[in-house]
2 protein chains.
Amino acid sequence: MARSASLKAVAAEAGVSISTVSRAFTRPELIGHDTREQILAIADRLGYHPNRTARSLATGRTALLAVLLPDIANPFFPPLVRAVEDTAYDRGYSVLLMDTDEHLDREAKLLRSLSGQADGVIVCSPRSRTEALRSAAERTPIVLVNRTIEGIASVSCGTRDGVRQLVDHLHSLGHRDIVYLAGPSSSWSDRERRDSARRQAKKLSMRFQVLGHYPATFEGGVMAADAVAASGATAAIAFDDVMAMGVLRRLTERGFAVPGQVSVSGCDDIFFAAMTSPPLTSIATPIAEAGRTAVNLLIDELTGASREKRQVTLSGNLVVRGSTGPTPAERG
Amino acid sequence: MARSASLKAVAAEAGVSISTVSRAFTRPELIGHDTREQILAIADRLGYHPNRTARSLATGRTALLAVLLPDIANPFFPPLVRAVEDTAYDRGYSVLLMDTDEHLDREAKLLRSLSGQADGVIVCSPRSRTEALRSAAERTPIVLVNRTIEGIASVSCGTRDGVRQLVDHLHSLGHRDIVYLAGPSSSWSDRERRDSARRQAKKLSMRFQVLGHYPATFEGGVMAADAVAASGATAAIAFDDVMAMGVLRRLTERGFAVPGQVSVSGCDDIFFAAMTSPPLTSIATPIAEAGRTAVNLLIDELTGASREKRQVTLSGNLVVRGSTGPTPAERG
DNA sequence: ACCGCTCGTGCGAGCGCTTGCATAGACTTG
DNA sequence: CAAGTCTATGCAAGCGCTCGCACGAGCGGT
């Protein structure tokens with residue numbers, strides 16, 4: 001592959017110095033109008049594109065943002081990445097994707113070696129050690145997603161409100177005995193959801209149990225379903241949608257009517273939540289907005305537009321679909 | 001953010017020239033054993049990490065692979081990207097994600113500006129113009145996924161075999177009247193699936209109709225479902241799983257038993273296919289393997305390990321689940 | 001003792017771009 | 001009209017690294 005035209009080539013062709021050509025692109029206001037026009041025309045004719053690498057070396061900025069996440073195949077992430085990519089593109093950055101494959105050591109390594117590679121990092125890592133993140137943050141600007149650490153910028157999708165709405169919703173349907181199906185024990189989100197559900201249930205004098213922890217997978221949900229059936233509760237709140245889908249499946253399989261006998265709900269409102277049968281009641285996490293916010297926070301910090309380490313919390317809302325309904329008693 | 005230690009710093013500390021330090025990392029065999037040990041120790045102590053940008057500028061290679069795709073949020077892509085990322089990582093490359101947002105112009109622009117930015121590109125772009133790709137391929141090594149163009153390397157997930165298996169499967173269940181629900185008219189995969197289904201149906205003397213085109217979305221499937229119901233066929237093959245899920249939903253909603261009255265099947269075997277009710281019979285596209293292969297093809301070309309432009313076709317297999325079953329007559 | 005080797009190391013010229021500083025001309029201004 | 005302002009351009013020093021080449025030391029063979 002032949003290297004493409006360089007500044008030098010364009011300069012030679014235009015009969016000006018390379019600085020002038022360089023400025024024609026990066027500081028147009030410093031250049032005479034005619035000169036600029038001519039240079040642009042020639043550059044275009046020669047198919048010139050600035051060499052990003054060289055520019056990076058000279059400026060010390062790569063125009064790259066890294067996104068660090070455990071597994072892009074987890075359905076929660078693609079919408080996030082999508083929003084990040086879009087926003088980054090609009091602001092002149094490209095996105096470096098780093099899948100840690102759930103390996104903490106690989107993550108730590110990436111985080112360390114990343115210093116020169118990207119201007120900043122968006123870290124979605126529910127698991128990794130606080131200390132590792134803190135020390136990485138000293139070398140590279142970081143924005144955390146769905147996790148907060150003192151002194152590091154972050155944007156989180158709070159589900160406190162959404163869960164409260166959900167419990168209210170169940171209560172209004174006549175439910176008085178509900179269970180929460182806990183996800184991974186190390187997850188911050190899980191704790192938040194559990195606590196919020198418990199609090200609201202207590203406030204409404206509902207019977208409330210926690211089952212689990214279960215893995216946040218379809219199989220985890222399948223396992224949890226049996227416990228739900230045994231619990232006698234009339235409604236189950238699963239840690240997330242994928243788990244809820246497992247619950248749905250297993251309950252249906254065992255002959256339980258959903259929502260006729262048991263109401264089921266999830267959290268995150270992933271793409272497929274609307275596609276289950278019955279469609280899943282869930283809590284819509286504003287994940288795309290989180291992505292956008294994360295990028296903006298990061299770039300603002302990078303460009304010095306804002307020095308403060310902001311911690312943003314977005315909140316999700318209940319999305320009622322067919323998997324929650326009146327209790328058997330209520331529909332009597 | 002302070003710049004991290006440079007070669008120069010390490011060299012000074014070790015009392016050797018920077019070339020020696022450089023070689024200690026990149027050409028260890030050229031360096032005296034003791035010198036090297038000492039250098040590595042010092043580098044480690046100083047927290048030295050080679051500056052990728054500078055290295056790129058000097059070598060002309062970025063160690064970056066770009067992945068160009070229409071929309072990462074499309075559930076077909078994440079497993080692909082995952083595999084690409086993994087394989088690339090193992091071979092020392094990072095992945096640049098470029099979401100074209102289905103905009104052809106943006107895609108063309110990215111493709112053009114990408115020359116210096118990445119060493120090679122993996123293009124998943126069912127839509128973009130052949131000419132645009134061909135001309136991009138002249139400047140940057142490219143591997144196409146699920147698309148073939150003469151003279152450009154590619155890896156495709158053929159569904160010909162899988163579709164044939166599917167039709168056989170339906171035939172063996174007693175179906176004699178089936179429909180194919182066509183996806184986007186410009187899609188190469190659609191044509192392949194349609195043709196393969198038609199051919200095999202004809203061979204088995206089944207009645208065969210094509211309905212559509214429909215958008216390859218859940219809503220598209222919902223629309224298609226009504227046509228399926230009206231068609232009188234006993235089995236429907238949807239262009240892809242997402243569409244099949246729409247069909248499933250709408251049929252169930254209208255009181256059709258699946259697979260009791262109508263069998264439904266999809267294609268791609270996305271993550272969620274196993275989670276519908278009934279779980280969806282589908283054709284497993286070896287998408288992860290495609291990702292791996294694409295990366296290997298690309299890197300081999302980059303490193304000169306292989307000069308030829310290979311066109312690999314992988315083939316998918318039928319995955320039978322609950323959404324297909326005997327015809328009413330058969331089970332009668 | 002000399003030659004020619006190999007081996008480990010240093011030198012220095014880039015890679016393509018940005019940017020602070022210098023400069024030349026054109027244009028004010030008292 | 002000399003002195004002072006601008007404005008548009010050029011010069012050249014990097015940015016941190018790689019790599020071809022040169023070099024000196026140590027070695028065995030003659």
Side-chain angles (χ1 to χ4, degrees), chain A residues 1-40 42-43 46-64 92 113-119 303, chain B residues 1-40 42-43 46-64 92 113-119 303:
Chain A
M1 298 292 148
R3 293 202 175 210
S4 72
S6 68
L7 267 192
K8 199 156 91 177
V10 177
E13 184 76 9
V16 296
S17 76
I18 63 166
S19 335
T20 303
V21 180
S22 170
R23 284 191 275 252
F25 288 97
T26 54
R27 311 286 309 273
E29 73 281 10
L30 293 182
I31 293 289
H33 183 263
D34 296 356
T35 322
R36 173 144 196 269
E37 293 283 275
Q38 194 205 348
I39 289 176
L40 293 185
I42 292 178
L46 263 44
Y48 170 77
H49 284 283
N51 178 322
R52 303 251 203 166
T53 306
R55 178 175 291 175
S56 294
L57 184 57
T59 59
R61 344 174 55 270
T62 59
L64 250 38
S113 71
L114 207 138
S115 34
Q117 177 126 243
D119 292 342
T303 55
Chain B
M1 299 289 149
R3 294 203 173 207
S4 73
S6 68
L7 268 192
K8 200 155 92 178
V10 178
E13 185 76 10
V16 297
S17 76
I18 62 167
S19 334
T20 303
V21 180
S22 169
R23 282 191 277 253
F25 288 97
T26 55
R27 312 286 309 274
E29 73 280 10
L30 294 181
I31 292 289
H33 183 263
D34 295 355
T35 322
R36 173 144 197 271
E37 293 284 275
Q38 194 203 350
I39 288 176
L40 293 186
I42 292 179
L46 264 44
Y48 170 76
H49 284 282
N51 178 322
R52 304 250 203 165
T53 306
R55 178 176 290 175
S56 295
L57 185 57
T59 59
R61 347 179 48 275
T62 57
L64 250 38
S113 70
L114 207 138
S115 35
Q117 175 126 244
D119 292 343
T303 55

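By convention in this document, chain letters (A, B, ...) are assigned in the order of the sequence lines, proteins followed by strands, and residues within each chain are numbered from 1.
The CZ-C1' distance, from R27(A) to dT7(D), rounds to 14 Å in whole Å. Atom NZ in K8(B) sits about 15 Å away from atom P in dG12(C), given to the nearest Å. Rounded to an integer number of Å, the gap from NE2 of H49(B) to P of dG16(D) is 16 Å. Taking atom CZ on R52(A) and atom C1' on dC15(C), their separation rounds to 18 Å, with Å as the unit. Between R55(B) atom CZ and dT18(D) atom P there is a gap of 4 Å when expressed in whole angstrom units. Between the CZ atom of F25(B) and the C1' atom of dG16(D) there is a distance of 13 Å, rounded to whole Å. Atom CZ of R61(A) and atom P of dC17(C) are 18 Å apart (whole Å).
Within the 4.0 angstrom heavy-atom criterion, only backbone atoms of the sugar-phosphate kind lie near Y48(B); the bases stay farther away.
Here the closest non-hydrogen pair linking A43(A) and F25(A) is CB-CZ, 3.7 Å. Residue S56(A) comes nearest to T53(B) through the heavy atom pair CB-CG2, 3.3 Å, listed as atom of the first residue, atom of the second, then distance. Here the closest heavy-atom approach between residue L64(B) and residue Q117(A) is recorded as CD1-OE1, 4.0 Å. When all heavy atoms of Q38(B) and A14(B) are compared, the pair lying nearest together is NE2-O, 4.0 Å.
Ranking dC17(D), dC17(C), dT18(C) by closeness to the A54(A) side chain, first place goes to dC17(C).
The backbone N or O of A24(B) sits less than 3.5 Å from a side-chain atom of R36(B), completing a donor-acceptor pair. Remark: side-chain polar atoms of D119(B) are paired, donor with acceptor, to backbone N or O of A63(B) under 3.5 angstrom. In this structure, the side chain of S22(B) does not engage the main chain of I18(B) through any donor-acceptor pair within 3.5 Å.
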Inset, instruction - Sugar-phosphate atoms are those with a prime plus P, OP1 and OP2; base atoms are the rest. Using that split, label each nucleotide of nucleotides 8-14 of chain D B, S or - for protein heavy atoms under 4.0 Å, 5' to 3'. - result: SBBBB-B

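Axis angle between the ends of the helix from dA1(C)-dT30(D) to dG30(C)-dC1(D), five pairs each and rounded to 10 degrees, works out to 50°.
In this structure, a donor-acceptor pair under 3.5 Å is present between the side chains of T20(A) and S17(A).
I42(B) has its side chain out of reach of E37(B): every pair of non-hydrogen atoms, C-beta onward, lies at least 4.5 Å apart.
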